[in-house]
Amino acid sequence: MTPAAANQRITALRAQVTHHDELYYRRAQPEISDYAYDRLKRELADLEAEFPQFASATTPTERVGDDRLAGFVTYRHRQRMQSLDNTYSEAELRAFHQRLVKTFGREDLAYVIEPKIDGLAVSVTYERGKLVRAVTRGNGEEGDDITANARTIRSLPAELKAAKKFPVPDVIEIRGEIYFTTAEFQRINQEREEAGEPLYANPRNLASGTIKQLDPKLVAQRKLEIVLYGVGFCEPAVTDSQSHFHELVKHWGLPTVERTWQATGADEIWGAVGQLDKLRHSFAYGTDGAVVKLDAFAQQREAGATSKAPRWAIAYKFEPERAETRINAISIQVGRTGVLTPVAELWRCAARI
Ligand code: IVH
């Protein structure tokens, strides 16, 4: 590709990705599947790497999608909320491990593997064990304050259970995901069908749209759920590894991921990802991948992060095994002899329901 053509394509891709980010994060109404979106973003990232002369500080590959909406008070996270880099192949997953092997000069790195929950990212803050705030990721620096809505989530305790072995810190930002179970999503859609209303496309978008309602009473009518899987700011530090953090979260009485795996090295990571793939359909929430995280927080700190994602974690996305084809539009083609032929413009999207 010539530099001029690359420049043109990069500009077009930046506009497309920005457009789809807006639809997904802010409006909760994506037009394309996650898979198609990831492909566009990957093509952009590859071209940016090949043609560094067209670098831009505002490219969507260097920032997290912004979900902030008018009508909400914004709140600055004590610690930045990042996204994750995605991979789709075993080779890329192994390359992730190899980069860390190079950083640390050792092969026996320990990881935790977790389900990647298909919801929307949230940060909940507990001060002296009491729930004080829930905030969306926003632009990573600051997000929308959704505390009143999050308080309607029955599984989110207003107070953490403290015990000698599981001390509660003075202040902790806990990261997680808000979602709908498949069952609740179907119940809501059934109600809509009976009322003759259009159906919601998938649980993730419905969860995202629901938590961004301005009236908590409306939110309370639907049974949103939450799962917590990460620590942001924490003072004083009460844990030094992801695996121990999972234990703490459970003992504090918070909903946590259904299963985690511990693995050392690339073969074990791959084995765990395979096990998760077999099990994930039995989970209450949609799982579109595995998240692989270095276990030791000291190693996480040393590995560091890019502007958008940590270098110590990666998401491995499962191939969408079912695809749904939608007719996006029907155009009429006029043949040479004047015959009119309707042509369907098809849009393939991953079915996650
Ligand atoms: S860790 C700094 N763990 O996936 C690391 N994220 O595509 C931050 N997600 O923004 C994320 N399940 O909203 C992590 N077990 C999990 C997750 C998870 C779902 C979401 C999260 C993140 C997005 C990236």
Side-chain angles (χ1 to χ4, degrees), residues 17 20-21 24-25 28 30 33-35 37-38 41-42 45 60-61 63-67 77-88 96 111-124 134-141 143-144 146 173-180 203-205 207-208 211 225-234 241-243 245-246 249 254-262 269 272-273 276 279-280 283-295 297 299-301 303-318 350 352:
V17 173
H20 293 303
D21 275 345
Y24 183 89
Y25 290 106
S33 69
D34 291 359
Y35 189 65
Y37 169 83
D38 284 344
K41 210 160 173 182
R42 172 64 64 94
T61 53
R63 58 166 194 246
V64 304
D66 193 347
D67 65 52
H77 303 295
R78 285 186 168 92
Q79 188 173 304
R80 196 150 60 103
M81 273 182 92
Q82 292 199 297
S83 185
L84 290 169
D85 284 334
N86 288 326
T87 66
Y88 280 96
F96 158 76
Y111 297 92
V112 170
I113 292 94
E114 302 168 2
K116 184 174 188 303
I117 301 107
D118 198 12
L120 66 134
V122 64
S123 176
V124 291
V135 184
T136 65
R137 187 174 65 194
N139 66 353
E141 303 283 341
D144 283 345
I146 51 160
E173 283 182 351
I174 308 177
R175 304 294 159 66
E177 210 79 0
I178 288 178
Y179 68 95
F180 274 122
R204 190 265 162 205
N205 298 332
S208 172
I211 204 70
E225 303 281 351
I226 191 167
V227 59
L228 286 319
Y229 51 64
V231 56
F233 180 89
C234 182
S241 73
Q242 182 67 11
S243 48
F245 171 72
H246 279 300
V249 164
L254 293 167
T256 177
V257 287
E258 309 215 9
R259 242 207 95 165
T260 60
W261 286 259
Q262 284 184 259
I269 293 178
V273 167
L276 168 58
L279 264 187
R280 67 194 173 107
F283 295 168
Y285 39 73
T287 305
D288 59 347
V291 183
V292 181
K293 301 176 178 176
L294 263 181
D295 192 19
F297 287 173
Q299 286 181 344
Q300 293 186 1
R301 280 190 292 272
T306 64
S307 58
K308 193 203 119 199
R311 291 201 174 86
W312 48 264
I314 202 153
Y316 172 82
K317 294 272 208 93
F318 298 117
R352 277 191 261 108

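Heavy atoms only: backbone and side chains are in, while hydrogens, waters and symmetry mates are out. For ligands, and for the atoms within them, numbers begin at 1 and follow the listed sequence. Here the structure is a predicted model, which is why all the values come from computation and not from measurement. One is the number of the first residue; the rest follow in order along the sequence.
Side chain of R204 to main chain of G119: a donor-acceptor pair is present (N/O by atom type, distance under 3.5 Å, no hydrogens or angles). For H77 (side chain) and R137 (main-chain N/O), a donor-acceptor pair under 3.5 Å exists by modelled atom type. Judged by distance alone, with hydrogens and angles left aside, the side-chain atoms of E173 form a donor-acceptor pair with the main-chain N or O of R78 at under 3.5 Å.
Annotation: ligand 1 has protein neighbours Q82, S83, L84, E114, P115, K116, I117, A121, R137, E177, Y229, V291, K293, P310, each with a heavy atom less than 4.0 angstrom from the ligand.
Partners of V112 by side chain to side chain contact (heavy atoms under 4.5 Å, CB included), not counting sequence neighbours, listed by chain and number: E114, Q242, S243, H246, T260, Q262, D295.
A cation-pi contact, defined as under 6.0 Å to the ring centre and within 45° of the axis, is absent between R259 and F283.
A salt bridge does not link R280 with D288: every distance from a Lys NZ or Arg NE/NH1/NH2 to an Asp or Glu carboxylate oxygen is 4.0 Å or more.
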